[in-house]
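Contents: one structure, followed by commentary.
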Amino acid sequence: MKGIEREPLPGFRDFEPADCAQRNFIFNQWRSVAHTFGYEEFDGPIVEALVLFTQKSGPEIVEQLFAFQDKGERAIALRPEMTPSLVRMVGKRLATLKRPTKWFNITEQFRYERPQKGRLRSFYQFNADIIGESSSAADAELIALAIATFQKFGLKKEHFHVRLSDRQLWVLWLKAFGVNQEQEVGALLGILDKWERRSPESIQEDLTASFKDSTKATLFLNTTEVLRKARTLDAIRECFHNCQPSSDMEALEQRLSELKVLLQELESLGVRDWVTLDLTIVRGLAYYTGFVFEVFGNGDQGRALAGGGRYDHLFEKLVGQPMPAVGFAAGDVTLTDLLRKQTLFPPDQSAVDCYVVFEQTERQRALLLAQQLRAAGFSVLYSLDLQKDLGKQQKKAYADDPHYVITLTHELVSQAKAQIKGAESEQIVDLKSLPEYLKQ
RNA sequence: GUGGUUGUAGCUCAAUUGGCAGAGCAUCGGAUUGUGGUUCCGAGGGUUGCCGGUUCAAGCCCGGUCUACCACCCCA
């Protein structure tokens, strides 16, 4: 290797034209869907005060951040997510906020983690949030938006699905086992999160440590196994009835009725078939307060394509004033992998409209034509080589596969004409009328 | 941060037990087609990821390191 390192930093990507086209395609589709749902686009700074992120996620988060000091000795970080910035921005105008407020954005975000497939140190996310509406109708519409963003790429029911879970049901479940304190709840949610990746013995061990009672741990283990397999409202209700006589049935029914509203809304929005009730989704419950969901590609056990849920306490925590909110984010990395695998990216459309070739004696007239066509909105190339004769130019022109090749020979120009050649047509046209001809 | 797998031209890949680093595609140039992508000829491009060790000799063996990938950790 001579000279400088040619590869970007680990976890970062170069976007050569073909990659950039795919990225822009994704951004355009995201933006377009968000608009159809009535979301307004916003943006914020790429760096924020470090405390904005530690306040939300705790001091441990610094390990996962691109964090440093600026020259004014401020502790700052590249944003790892958009929600804190959103809360900060919206927090400035909470008192007069239109409700609901629906905002979206598309941003580059940074996390200092070990890169893997589907997870890089720099990535783009589509974020959408509904602020100021606590009804499940907001959760439902947000999930419908999440589904629409994937449908927009041509992804079908056989390609992806949404798993819907609920933090409040889990809190009720834990409460039924006498777990009330926030710390204990957190510890048990952690165990639940790792559930499927661990052996029953090892789970039993952790549960016994948490409950300080191995019989209770066993009961929790066995009944939770059943609850994790519940896929309907009735099945969930049955779990609570059968497995836990100490359950607060009134609170349960209250919550189930909210879940029912959510499912009905999804049904009315025509997306119920994409959604599976699945309480195995526990990830991120620490931060969410209600319904949570994740989008997964079918088949491969890859990383989630998107995730989100309700976070009604975050505004109070960060800006001191309560405000209900629900949001989700979808990343570009897993999506790009999926779209490439399914070959759902559109074919390359980088070809120019026209390539102008000419005998060098007509160079001046040819360049004038090129500029006239450009002014009319067409993309135009011509050879920058002052020596290349007509044949050489032509060879280069066809290699670029333009929609039209326009040829100016001395003879044609002397008659104020040019030859224009498309895929299946070939004509001699007045030089002056070329822009008009191309517009047809 | 821990463990494992990996790396040869821009891309896809060759190179017998350790024995002169190659091909196709791509790029650039030339010839031909006096205005067509073809065809033909040629060129550039590599300290075999990097550093060190063993050896008369290392792409190949050994150690380290980096990257990518995989499993952990984490996943906002």
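Each chain gets a letter, A, B and so on, in the order its sequence line appears, and its residues count up from 1.
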Fit a plane to each ring of [X] and [Y], take the angle between them on a 0 to 90° scale, and name the class: parallel (under 30°), tilted (30 to 60°) or perpendicular (over 60°).
X: F25(A); Y: F153(A); value: perpendicular
X: Y124(A); Y: F15(A); value: perpendicular
X: H35(A); Y: F104(A); value: perpendicular

Check R13(A), E113(A), R111(A) against L120(A) for a side-chain contact (heavy atoms from CB on, under 4.5 Å) and give me the one that passes. R13(A)
Sole candidate of L279(A), L262(A), V292(A) that passes side-chain contact (heavy atoms from CB on, under 4.5 Å) when paired with L164(A): L262(A)
Would you measure the distance from the [atom1] atom in [N] across to the matching atom in [M] and give it in whole Å?
N: U17(B); M: C28(B); atom1: C1'; answer: 41 Å
N: G22(B); M: U55(B); atom1: C1'; answer: 25 Å
N: G18(B); M: A23(B); atom1: C1'; answer: 23 Å
N: A14(B); M: C70(B); atom1: C1'; answer: 27 Å
N: U6(B); M: C50(B); atom1: C1'; answer: 15 Å
N: G10(B); M: A76(B); atom1: P; answer: 39 Å
N: C73(B); M: A15(B); atom1: P; answer: 40 Å
N: U38(B); M: G44(B); atom1: C1'; answer: 24 Å

Could you tell me the separation between the [atom1] atom of [X] and the [atom2] atom of [N], rounded to a whole number of Å?
X: L189(A); N: C74(B); atom1: CG; atom2: P; result: 14 Å
X: Q116(A); N: C72(B); atom1: CD; atom2: P; result: 9 Å
X: Y355(A); N: U35(B); atom1: OH; atom2: C1'; result: 15 Å
X: E60(A); N: C74(B); atom1: CD; atom2: C1'; result: 11 Å
X: F12(A); N: A68(B); atom1: CZ; atom2: P; result: 11 Å
X: R303(A); N: C73(B); atom1: CZ; atom2: P; result: 12 Å
X: D385(A); N: C28(B); atom1: CG; atom2: P; result: 12 Å
X: K194(A); N: A71(B); atom1: NZ; atom2: C1'; result: 15 Å

Who passes ring-ring contact (aromatic ring centres under 6.0 Å, His included) against Y287(A), sequence neighbours left out? Y311(A)
Under 4.0 Å between a side-chain N or O of K392(A) and OP1 or OP2 of C28(B)?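 No.
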Quick one: is R197(A) getting a side-chain N or O under 4.0 Å of the C73(B) phosphate, OP1 or OP2? yes
When all nucleic acid strands are considered with a 4.0 Å heavy-atom cut-off, which category describes [X]: base, sugar-phosphate, or nothing?
X: Q419(A); answer: base
X: D401(A); answer: base
X: P10(A); answer: sugar-phosphate
X: E7(A); answer: nothing
X: G11(A); answer: sugar-phosphate
X: T83(A); answer: nothing

Of G391(A) and K117(A), whose nearest nucleotide on RNA chain B comes first from the 5' end? G391(A)
Pick the closest RNA chain B nucleotide for Y288(A) and for T407(A) by heavy atoms, then say which residue is nearer the 5' end. T407(A)
Checking side-chain hydrogen bond (donor to acceptor under 3.5 Å, both in side chains) for the pair T107(A)/Q109(A): CA distance, chi angles, key distance, verdict? CA-CA 6 Å; T107(A) 55; Q109(A) 294 167 191; 2.9 Å; yes
Measuring from the side chain of [X] (C-beta onward, heavy atoms only), which nucleotide among [options] has the closest atom?
X: P115(A); options: C69(B), C70(B), A76(B); answer: C69(B)
X: Y287(A); options: A71(B), A76(B), U35(B); answer: A76(B)
X: L65(A); options: C74(B), U35(B), A76(B); answer: A76(B)

Enumerate the residues from residues 393-400 of chain A whose closest heavy atom to RNA chain B is under 4.0 Å, giving them by residue number; use none for an empty result. Q394(A), K395(A), K396(A), Y398(A)
For E359(A), all residues meeting side chain to side chain donor-acceptor pair (under 3.5 Å), sequence neighbours excluded: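 None.
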Stem ranges for RNA chain B, with three or more consecutive Watson-Crick or G-U pairs under 3.5 Å? B:1-5 with B:68-72, B:10-13 with B:22-25, B:27-31 with B:39-43, B:49-53 with B:61-65
Are Y382(A) and Y355(A) an aromatic pair by the rule of ring centers under 6.0 Å?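 Judged by ring-centre distance (under 6.0 Å), Y382(A) and Y355(A) do not meet the cut-off.
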For F27(A) and F126(A), I'd like to know if the aromatic rings sit close, meaning centre-to-centre distance below 6.0 Å.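 No.
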T218(A) and Q204(A): side-chain hydrogen bond (donor to acceptor under 3.5 Å, both in side chains), yes or no, with the steps? CA-CA 7 Å; T218(A) 306; Q204(A) 169 84 29; 3.1 Å; yes
Within the 4.0 Å limit for protein heavy atoms, which parts of nucleotides 4-11 of chain B are touched? Write it as a string from 5' to 3', B for base, S for sugar-phosphate only, - for none. --------
Please check if the side chain of K156(A) supplies one atom and the backbone of Q151(A) the other of a donor-acceptor pair under 3.5 Å.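 It does not hold such a pair.
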Qualifying residues under salt bridge (Lys or Arg N to Asp or Glu O under 4.0 Å), relative to D14(A), sequence neighbours excluded: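 Applying salt bridge (Lys or Arg N to Asp or Glu O under 4.0 Å) to D14(A) gives none.
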Restricting to non-hydrogen atoms, name the atom on H159(A) and the atom on Q342(A) that form the minimum distance, rounded to 0.1 Å.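 Minimum heavy-atom separation between H159(A) and Q342(A): NE2-OE1, 3.4 Å.
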